[in-house]
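FYI, the numbering just counts along the sequence from 1.
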Amino acid sequence: MDNVTSIHVFFLSGLNETMKHRLVLFSVTLICYCVILLFNVSLVVIIILDKNLHEPMYILLCAYCLNTLYGTTGFYPKFLWDLLSPVHLISYSGCLIQALVMYSFACSELSILALMSYDRYLAICHPLQYHSIMTKKRLFQLVVFSWLIPFIIFCINIFLTSRLKLCRSVISRLLCVNWTIVQLACPSSDTMINSIIAYITIILYASHGLFIVWSYMYLIRKCINSLENRRKFMQTCVPHLTSLLTFLVTIGFDLMYMRFGSKDLPQTFQNFVAIEFLVIPPFMNPLIYGFKLSNIRNKIQDLTRYKY
């Protein structure tokens with residue numbers, strides 16, 4: 001039993017310094033979550049109901065929004081409950097599940113962005129072969145793999161973490177992530193395997209980012225001499241690039257702070273860095289795609305006219 005934790009509950013200390021304003025925070029957070037749900041669900045419903053949008057680019061956007069709903073649902077309901085509770089607790093199993101959701105959400109987000117860049121590369125650089133390559137069957141397989149592979153990888157990560165003996169039960173964050181649980185391990189626990197798997201995972205998904213950068217650099221070089229290709233790039237690729245940069249900046253800050261950040265910084269700043277990838281991209285992305293992609297923008301305008 002030496003390798004099994006005896007801790008059954010974690011204390012989340014990230015809200016300790018902000019409880020004087022918890023009702024204001026609760027109201028703002030609830031509005032933010034409702035807006036995120038409204039925007040993303042609206043895009044999903046529009047794409048599903050309009051057969052003209054049953055194209056690979058829009059199906060990938062639908063998968064992207066569904067993944068956003070998955071990730072934000074793993075955080076906001078618990079966070080809202082904590083804002084109303086005098087004590088901020090999470091069970092050991094609940095913490096592991098939340099860590100699994102957070103990591104699989106983030107890596108699926110990057111995988112879907114990589115698929116979007118591949119889709120745009122085929123559409124602009126190989127338009128004649130596009131429909132023969134991006135068939136519905138292949139698209140379905142790619143989307144499933146983009147969700148399934150991160151989930152399996154982090155199931156392995158979480159399983160390895162669950163084998164560690166923990167000596168502390170206080171997590172100085174608003175949510176559970178795998179790295180913070182590993183930091184609670186007793187000095188006698190061997191965390192080398194956890195670190196190796198973590199760095200392999202980082203390298204794997206960093207390669208996704210490099211592929212996306214390479215594909216868009218190639219697209220820019222391809223489009224620069226063609227007015228038609230430049231128009232396609234500005235209309236369909238710019239939203240993807242904006243989403244990618246927003247996601248990479250927000251998740252990058254959190255990863256860098258977890259690994260190298262100082263604990264002497266104000267708790268409010270630490271909280272913001274910890275959850276910004278669950279606030280900024282889920283809120284901004286539906287707006288970016290809704291305003292920039294003309295087919296979705298026109299559909300929203302049609303629905304608005306019909307309503308009024």
Side-chain angles (χ1 to χ4, degrees), residues 4-37 68-106 154 157-159 161-186 189 191 194 198 250-251 253-283:
V4 180
T5 182
S6 58
I7 293 174
H8 301 289
V9 175
F10 291 113
F11 297 87
L12 301 173
S13 64
L15 279 174
N16 289 350
E17 295 183 11
T18 57
M19 291 312 291
K20 292 181 181 178
H21 311 288
R22 63 179 180 175
L23 291 179
V24 175
L25 284 172
F26 177 84
S27 301
V28 172
T29 304
L30 181 60
I31 292 171
C32 180
Y33 183 44
C34 289
V35 170
I36 288 170
L37 288 177
T68 295
L69 293 171
Y70 162 71
T72 52
T73 302
F75 167 71
Y76 281 97
K78 176 66 173 67
F79 181 56
L80 288 167
W81 176 262
D82 284 340
L83 286 170
L84 297 179
S85 302
V87 181
H88 312 124
L89 304 175
I90 187 169
S91 67
Y92 177 74
S93 58
C95 192
L96 292 178
I97 291 172
Q98 188 177 59
L100 173 62
V101 171
M102 291 299 101
Y103 277 108
S104 59
F105 151 70
F154 286 104
N157 275 268
I158 296 301
F159 170 74
T161 300
S162 69
R163 298 174 68 251
L164 298 175
K165 183 177 181 181
L166 305 182
C167 288
R168 291 173 292 159
S169 61
V170 177
I171 296 176
S172 58
R173 289 173 65 92
L174 302 176
L175 72 163
C176 291
V177 291
N178 194 47
W179 177 250
T180 56
I181 302 173
V182 173
Q183 288 181 313
L184 303 178
C186 298
S189 298
T191 61
N194 297 72
T250 54
I251 200 72
F253 269 121
D254 187 34
L255 289 174
M256 294 296 290
Y257 185 79
M258 273 197 296
R259 299 281 173 166
F260 310 110
S262 170
K263 301 301 180 183
D264 297 328
L265 292 171
Q267 186 65 53
T268 304
F269 176 79
Q270 295 182 42
N271 291 344
F272 175 73
V273 171
I275 66 170
E276 59 180 341
F277 75 101
L278 290 161
V279 177
I280 299 173
F283 182 85

### Task
From the options Phe26, Trp81, Tyr33, select the one residue that forms a ring pair (Phe, Tyr, Trp, His ring centres under 6.0 Å) with Tyr76.
Tyr33
### Query
Below 4.5 Å, heavy atoms only, C-beta onward: do Leu278 and Phe105 meet side chain to side chain?
yes
### Query
When you look at Leu12 and Leu89, which way does the side-chain contact (heavy atoms from CB on, under 4.5 Å) test go after all the steps?
CA-CA 6 Å; Leu12 301 173; Leu89 304 175; over 6 Å; no
### Check: Phe79 and Thr29 side chains under 4.5 Å, non-hydrogen atoms
yes
### Summary
CG of Leu100 to SG of Cys176, rounded to nearest 0.5 Å, is 12.0 Å
### Query
Should Ile181 and Cys95 count as side-chain neighbours, where that means a heavy-atom distance under 4.5 Å?
yes
### Query
Would you say the side chain of Cys167 lies within less than 4.5 Å of the side chain of Leu184, judging by non-hydrogen atoms?
no
#### Entry: Val35 vs Phe283 side-chain heavy atoms within contact, under 4.5 Å
yes
#### Entry: Under 3.5 Å donor-acceptor, Ser85 side chain and His88 backbone
no
### Message
Nearest 0.5 angstrom please: Leu69 CG to Ile36 CD1, how far?
### Response
9.5 Å
### Message
For a quick check under 3.5 Å, do Ser169 and Tyr92 share a side-chain donor-acceptor pair by atom type?
### Response
no
### Message
Any side-chain to backbone donor/acceptor pair from Gln98 onto Leu175? Under 3.5 Å, distance only.
### Response
no
## Note on the structure
Between the CD1 atom in Ile158 and the CG atom in Leu96, the distance rounded to the nearest 0.5 Å is 5.5 Å
### Query
For the atom pair CE (Met102) and CD1 (Ile275), what is the distance rounded to the nearest 0.5 Å?
11.0 Å
### Task
Rounded to the nearest 0.5 Å, what's the gap from CG on Leu84 to CG on Leu23? Could you check?
7.5 Å
### Message
Quick check: do Val101 and Phe75 have side-chain heavy atoms less than 4.5 Å from each other?
### Response
no
### Query
Is Tyr103 close to Asn157 at the side-chain level, that is, under 4.5 Å between some pair of heavy atoms?
no
### Summary
Nearest heavy-atom contact between Ser172 and Ser13 is CA-OG, 3.1 Å
### Distance in Å, Arg173 CZ paired with Thr180 OG1, rounded so as to fall on 0.5 Å steps
6.0 Å
### Task
I would like to know whether Cys186 and Leu166 meet side-chain contact (heavy atoms from CB on, under 4.5 Å); could you show each step before the answer?
CA-CA 5 Å; Cys186 298; Leu166 305 182; 5.6 Å; no
### Message
What I'd like to find out is whether the side chain of Val9 reaches to under 4.5 Å of the side chain of Ile90, using heavy atoms alone.
### Response
no
